Amino acid sequence: MMGATLTVLGIESTCDDTAAAVVRAHDLPQGEILSSQVQGQTTLHAAFGGIVPEIAARAHVERLDLCVERALIEAGLGLPQIDAIAVTAGPGLIGGVLSGVMLAKGLARATGLPLIGVNHLAGHALTPRLTDGLAFPYLILLVSGGHCQFAIVHSATRFERLGGTIDDAPGEAFDKVARLLGLPQPGGPAVEAEAFLGDPDRFRFPRPLLDRPGCDLSFSGLKTAVLRARDGVVARHGGISIQDRRDLCAGFQMAVSDVLAEKSRRALRVYMGKATGRTVFAVAGGVAANAPLRTALQEVCAQADCGFTAPPLRLCTDNAAMIAWAGIELLAIGQTDGMDLVARPRWPLDQTAAPMIGSGKKGAKA
Ligand code: KG4
Ligand code: ZN
């Protein structure tokens with residue numbers, strides 16, 4: 001593929017962001033984002049305290065056409081200048097995934113362009129190649145609202161999972177903690193802002209699974225510990241003050257960061273034990289937007305003498321540029337799909353790894 005220019009339209013609709021983007025690669029690895037449109041749905045779900053799948057799916061259906069049109073206009077291109085249509089085919093809320101897949105199939109059928117189904121997690125995991133041109137293999141920590149795992153990225157299609165959460169994802173924990181402290185959704189940025197003004201040592205929350213070897217993580221107990229601490233304050237003082245809330249957020253964020261840092265240390269040891277040549281640890285997914293966490297992980301890497309990279313914030317949270325990029329990587333190795341491409345609610349990144357405990361009745365989430 002040296003010397004070839006590939007331009008791909010990406011479509012993303014797995015959760016509560018409707019997104020479309022155009023990305024171009026002159027030489028792999030590394031791309032140029034020609035456009036990136038993201039329409040969030042926060043206000044649509046605000047009254048419900050969480051994402052309502054049916055509302056999300058309906059909003060995707062209503063907005064996707066326009067979002068794609070805007071992405072093409074922003075890129076200054078028409079469909080004839082596009083080489084392929086990449087779409088997230090899972091894992092995610094099935095109604096939303098279906099909306100994107102159906103639109104992509106329609107576009108591919110109408111234009112005759114190749115269709116490429118992309119794993120949403122692969123989109124996050126390959127982002128450091130789009131932004132930094134990282135060479136394989138690198139270690140990735142994927143931390144988002146629905147997922148949490150360490151994986152060695154060997155290629156655009158081979159991901160070796162080293163460990164992951166056995167219950168909640170950290171973003172989910174941030175969102176739940178925000179909810180129980182009366183903060184807005186998505187919880188991550190709100191908790192981070194409060195934590196900035198809080199004392200992380202006032203409430204000492206547990207560091208789950210640190211006593212267990214390996215890189216698996218758990219976040220549901222932490223969320224319960226915050227709930228108990230909040231109730232304790234309420235019982236003593238009849239309510240929580242602004243400073244109580246800040247301190248609870250700071251203590252919680254510090255616990256998440258400590259656990260992720262220690263598990264990253266362990267994952268790095270496994271990865272660096274196998275790797276030859278330059279080693280890099282990358283963090284991706286919505287929670288990677290958390291500044292204290294990025295700093296903690298950067299320190300872990302400095303101590304281990306490993307490179308560190310984190311995509312810019314707008315590419316950490318859900319977007320379609322990462323899907324277009326993953327599409328470019330797959331197109332470059334000739335991996336395209338037919339009209340039988342299916343939307344998948346579950347789609348593990350490493351299909352050879354055993355499903356995680358608590359990964360649900362329908363199979364492995366991650
Ligand atoms: O990757 P993403 O946009 O969607 C998923 O695929 O899940 O991640 C969204 C998650 C939400 O749970 C949100 O609260 C969290 O990322 N998040 C953060 C921050 N910004 C977003 N968590 C902690 N700190 C942040 N600054
Ligand atoms: Zn995501």
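Every number for a ligand or one of its atoms is a count from 1 in the order of the listing. Bear in mind the structure is a predicted one, so any value in this text is a computation, not a measurement.
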(request) Pick whichever of Pro292, Gly286, Gly123 has a heavy atom sitting closest to atom 1 (O) of ligand 1. (result) Gly286
(message) Suppose you place the vertex at the Zn ion (ligand 2); what is the angle out to His124 NE2 and Asp318 OD1, to 10°?
(response) 90°
(request) Under 4.0 Å from a heavy atom of Asp175: give me the atoms of ligand 1 that qualify, with their elements. (result) 11 (C), 12 (O), 13 (C), 14 (O)
(message) What I want to check is whether the side chains of Thr309 and Asp132 have a donor and an acceptor closer together than 3.5 Å.
(response) yes
(request) Under the side-chain contact (heavy atoms from CB on, under 4.5 Å) rule, what do Val280 and Phe308 come out as? Steps first, then yes or no, please. (result) CA-CA 6 Å; Val280 183; Phe308 175 78; over 6 Å; no
(message) Cation-pi check for Phe150 against Arg266: NZ or CZ below 6.0 Å from the six-membered ring centre and within 45 degrees of the axis, yes or no?
(response) no
(request) Without swapping roles, check the side chain of Asp337 against the backbone of Gly117 for a donor-acceptor pair under 3.5 Å. (result) yes
(request) Find out whether Leu217 and Val259 are in side-chain contact, i.e. whether some heavy atom of one side chain is under 4.5 Å from a heavy atom of the other. (result) yes
(message) Tell me whether ligand 1 is touched by Cys15 - counting only heavy atoms on the residue side and a distance under 4.0 Å.
(response) no
(message) Geometry only, no angles: is Gly146 polar-contacting ligand 1 at N/O separations under 3.5 Å?
(response) yes
(request) Check ligand 1 against His124 and write out every atom of the ligand that is under 4.0 Å from a heavy-atom position of the residue. (result) 1 (O), 6 (O)
(request) Tell me, please, if Cys15 has any N/O/S atom, main chain or side chain, under 2.8 Å from the Zn ion (ligand 2)? (result) no
(message) For Ser36, is there any backbone N or O sitting under 3.5 Å from a side-chain donor or acceptor partner on Glu74?
(response) yes
(request) Flag Glu192 as yes when one of its N or O atoms lies below 3.5 Å from any N or O atom of ligand 1, and as no otherwise. (result) yes
(request) Could you tell me whether ligand 1 has any atom less than 4.0 Å away from a heavy atom of Gln185? (result) no
(message) Just to confirm my output: which protein heavy-atom neighbour is closest to atom 22 (N) of ligand 1, and how far is it?
(response) Gly188 CA, 3.3 Å
(request) Using distance alone, determine whether Asn290 and ligand 1 share an N or O pair under 3.5 Å. (result) yes
(request) Could you tell me whether some N/O pair between Pro186 and ligand 1 is separated by less than 3.5 angstrom? (result) no
(request) Using a strict cut-off of 4.0 Å, indicate which atoms of ligand 1 neighbour a heavy atom of Gly145. (result) 5 (C), 7 (O), 8 (O), 9 (C), 10 (C), 12 (O)
(message) Show me which atoms of ligand 1 lie under 4.0 Å from any heavy atom of Gly171.
(response) 12 (O)
(request) Answer with yes or no whether His120 contacts ligand 1, where contact means a heavy atom under 4.0 Å from a ligand atom. (result) yes
(message) Tell me the closest heavy-atom pair linking Met322 and Thr127, and the distance in Å.
(response) CB-OG1, 3.4 Å
(request) Using only heavy-atom distances, determine whether the side chains of Gln253 and Glu192 contain a donor-acceptor pair under 3.5 Å. (result) no
(request) Report yes if some heavy atom in the side chain of Leu183 is under 4.5 Å from a heavy atom in the side chain of Cys249; otherwise report no. (result) yes
(request) Check whether Leu349 and Leu341 end up in the same hydrophobic cluster, where Ile, Leu, Val, Met, Phe, Trp and Tyr are linked by side-chain heavy atoms less than 4.5 Å apart. (result) no
(request) Could you find the nearest protein heavy atom to atom 4 (O) of ligand 1 and give me its residue, atom name and distance? (result) Asp318 OD2, 3.1 Å
